[in-house]
> 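Below is one structure. I have some questions about it.
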Number of protein chains: 2
Amino acid sequence: MDDVALEAGVSRALVSLVLRESPKVSDERRARVVAAAAKLGYRPNAWARGLASHRKKTIGVLLNELHNPFYAEIMDGIDAGAAEAGYRVVLGTAGSRPGGEQTALDTFLELRADGAVLVGPRLATAEIARAAASMPVVVVARGVRSKAVDSITNDERHGARLVVEHLVGLGHRAITHVDGGSGAGAAARRAGYEEAMRGASLAREIRVVAGDYTDLAGLAAADTILRSRRLPTAIFAANDLAAAAMIDRFETAGLSVPADISIVGHDNTFLAALHHISLTTVDQPRPEMGRRAMALLVERMDGVRTTSVNVRVTPSLVVRSTTGPPRPAS
Amino acid sequence: MDDVALEAGVSRALVSLVLRESPKVSDERRARVVAAAAKLGYRPNAWARGLASHRKKTIGVLLNELHNPFYAEIMDGIDAGAAEAGYRVVLGTAGSRPGGEQTALDTFLELRADGAVLVGPRLATAEIARAAASMPVVVVARGVRSKAVDSITNDERHGARLVVEHLVGLGHRAITHVDGGSGAGAAARRAGYEEAMRGASLAREIRVVAGDYTDLAGLAAADTILRSRRLPTAIFAANDLAAAAMIDRFETAGLSVPADISIVGHDNTFLAALHHISLTTVDQPRPEMGRRAMALLVERMDGVRTTSVNVRVTPSLVVRSTTGPPRPAS
DNA sequence: AAGTAGCGTTAGAGCGCTCTAACGAGGAGA
DNA sequence: TCTCCTCGTTAGAGCGCTCTAACGCTACTT
């Protein structure tokens, strides 16, 4: 920086002002400084700047797992939001290391990050609250009861209701839910299903088959359903993977989808969009969740808001080819 | 830090030594300092440390796109390697921003990152080489002709050879390749196929149908093949997605896989592993690619090596249920 | 003419660490 | 006993910036 100042024939402080795009520098000097910096190939040192200014322009993002597309897409949104707001992203993941999440959080604290986004953290709420004492924290895809922390969650009940209403609208009554066991959001999804069924005066048709978020669970559930006394006319599966497996099993058993049985998935993964699956499914706006998380964080970092906010993102139904009216009773 | 020194009754320099885990501190004083730091909830300031020590313990990772599971899994490996070696990861992506990759690279340079990993960069080689003048750089999933840069690529030819040899071993001769057009690695994959066919004395059976990495391309290619004079007994598709689409189309046309036609995919994505697809496919060791990238970077950062290395990772064949012996000529 | 305001510019004191060189206290060797 | 080492400890000068307060200058007022 001294070199640039020398080259431009001004003081170091003036160079600093130019680099910070201060308005109170004359155009002539600004040009001289810019030219000198370019000539010398000067690049400001982010560490010195961070130390001196306390403005780090850095946020930490803790990701549960990266290879899970669900989280990766949320990350995508966070990343876009961060780039837009001019923040660097320091990534932390737990991997399979024990205490990995805590380590990542500690890193953020040592970095004096301007804020942190925790995506699907498994950390104890107390730990999160402790971190939130040092910097703004937004939690995504998990509700956190703490007034120091903002959160973004998906409205699982609403999604389930959309599914049931769609199927009821097509004329279905015997709608079975294959649930996601103890997976994230599964309980709320199941509750939403039951609530919606009651809302449609179909309380007596409520049927839940145990499952989880795998294709094997889907196969097992399909078998269970095939063996049952009376076949449902529609199924709301825990997720797309299970739904795809079920379609496969039903078609093997000689049933036609959706003529004999309608199937709805959940998550609108790339699988659902595949041409030869073309699954009706519930979409969670993942990139948007990431973007909104960043937006909340920016509000906090700018000090615009100090009260906690819990955003509930609204999922939507994507109707494709696996749902249709039930076969008229013969 | 001064507070900790005061609390422990030692000098600030000694506190610094303890925090850096220097061996030349007596156990008694070390304990005192540790206790004092814990009592005061002291956390070292990474920015000050980075500025003073020039050891940043930070690497930049530029990711082409995060929502592509292929890159996400590589990232997974990088992240694991970085955590192990004690480096923080600053993530940069281009998003859809023009010049986004360059911006990310500039950020790494301003951060004086200890090194950078570029995953599938679209940047010009010259730009990469320029960055490599300031810090060690490893490029993943793209070959780079520069002796200042290390790279990790997949041995596409080897993968193609494995496929052809597997099929030939089953008794196939008429093996068609549906290629990936101008996609990453497609040219090498196609060349590998042709080479392997010639190696098996099947030069006259070489047939390449144009495609790309989408399911629609798979459908189109399947149609092209179905209309052809003589049906191949086996197909090597550009990737799993195209392969899955082709299976669907062939079965719709009344063909049975693998009895009538064997199909091999590429990438061993989660799709291939799906129970009802169970696709024979070529696996690229993605997390390993990430890990090795980190390993190469660490070597450079430690100054252990100054000559450039180009690692070619070896793919493997995952045999599942879509390949079998051809139907005996009737 | 002197005073005042406003502007661009600058000196210099930090920011919170690291690290070199110097220091003092014991113990070994002469 | 004195010197020389070794070892744990410390003083203090940076690291490369930011930022406050002060500065000199021109322009305007009275």
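On a predicted model such as this, the values are computed, not experimentally measured, just so you know. Naming convention: chains lettered A, B, ... in sequence-line order (proteins, then strands); numbering from 1 in each chain.
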> In Å, rounded to the nearest 0.5 Å, how long is the span from CZ of B:Phe108 to CG of B:Asp114?
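B:Phe108 CZ to B:Asp114 CG: 12.5 Å, rounded to 0.5 Å.
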> Hey, can you pull the donor-acceptor pairs under 3.5 Å for the side chains in residues 128-138 of chain A, sequence neighbours left out?
unit_1: A:Arg130; atom_1: NH1; unit_2: A:Glu127; atom_2: OE1; d: 3.4

> For the side chain of B:Arg142 and the backbone of B:Pro121, is there at least one donor-acceptor N/O pair under 3.5 Å apart?
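Judged by distance alone, yes, a pair lies under 3.5 Å.
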> Do any pairs count as a ring pair (Phe, Tyr, Trp, His ring centres under 6.0 Å) and have a residue in residues 9-30 of chain A, sequence neighbours left out, and if so which ones?
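Checked against ring pair (Phe, Tyr, Trp, His ring centres under 6.0 Å) - neighbours excluded - no pair reaches residues 9-30 of chain A.
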> What string of B, S and - do you get for nucleotides 17-27 of chain C, 5' to 3', when a contact is any protein heavy atom under 4.0 Å?
BBB--------
> List for me each residue that meets side chain to side chain contact (heavy atoms under 4.5 Å, CB included) alongside B:Asp283, sequence neighbours excluded, and say none if there are none.
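Side chain to side chain contact (heavy atoms under 4.5 Å, CB included) check on B:Asp283 returns B:Asn268, B:Arg286, B:Ser316, B:Val318.
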> Of all of residues 30-40 of chain B, which get a heavy atom below 4.0 angstrom from DNA chain D, listed by number?
none
> Rounded to the nearest Å, what distance is computed from the CD atom of residue A:Glu110 to the C1' atom of nucleotide C:dG16?
13 Å
> For A:Asp76, give me all partners under side chain to side chain contact (heavy atoms under 4.5 Å, CB included), at least two apart in sequence or on another chain.
B:Leu66, B:His67
> Can you give me the bend angle of the helix from C:dA1-D:dT30 to C:dA30-D:dT1? Use the axis through the first five pairs and the one through the last five, nearest 10 degrees.
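The angle separating the two end axes equals 60°.
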> With respect to A:Val140, which candidate in A:Leu62, A:Asn154, A:Ile74 satisfies the side chain to side chain contact (heavy atoms under 4.5 Å, CB included) definition?
A:Ile74
> Closest heavy-atom contact between B:Ile78 and B:Met294?
O-CG, 3.3 Å
> Name all residues meeting the salt bridge (charged side-chain N to carboxylate O under 4.0 Å, His left out) criterion together with A:Glu21; count only those two or more places apart in sequence or in a different chain, and write none if there are none.
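Salt bridge (charged side-chain N to carboxylate O under 4.0 Å, His left out) check on A:Glu21 returns nothing, list empty.
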> Should B:Leu19 and B:Val15 count as side-chain neighbours, where that means a heavy-atom distance under 4.5 Å?
yes
> With the criterion being N/O to N/O and under 3.5 Å, what pairs connect the protein with nucleotides 24-28 of chain D, and how long is each?
none

> Between B:Leu51 and A:Pro23, which has a closest nucleotide on DNA chain C that is more 5'?
A:Pro23
> Listed by chain and number, what are the side chain to side chain contact (heavy atoms under 4.5 Å, CB included) partners of A:Ser11, not counting sequence neighbours?
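Partners of A:Ser11 by the side chain to side chain contact (heavy atoms under 4.5 Å, CB included) criterion, ordered by chain and then number, come out as A:Ala13, A:Leu14.
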> Who pairs with B:Arg305 by side chain to side chain contact (heavy atoms under 4.5 Å, CB included), at least two apart in sequence or on another chain?
B:Asp150, B:Leu296, B:Glu299, B:Arg300, B:Thr307, B:Val309
> What pairs meet the side-chain hydrogen bond (donor to acceptor under 3.5 Å, both in side chains) rule with one or both residues in residues 32-49 of chain B, with sequence neighbours excluded?
A:Asp106-B:Arg43, B:Glu7-B:Lys39, B:Glu28-B:Arg32
> Between B:Ser26 and D:dC7, is there a contact of a side-chain N or O with OP1 or OP2 at under 4.0 Å?
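No, B:Ser26 has no side-chain N/O under 4.0 Å of OP1/OP2 on D:dC7.
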> Can you check the A:Leu14 CG to D:dG16 P distance for me, whole Å?
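Those two atoms, CG and P, are 21 Å apart.
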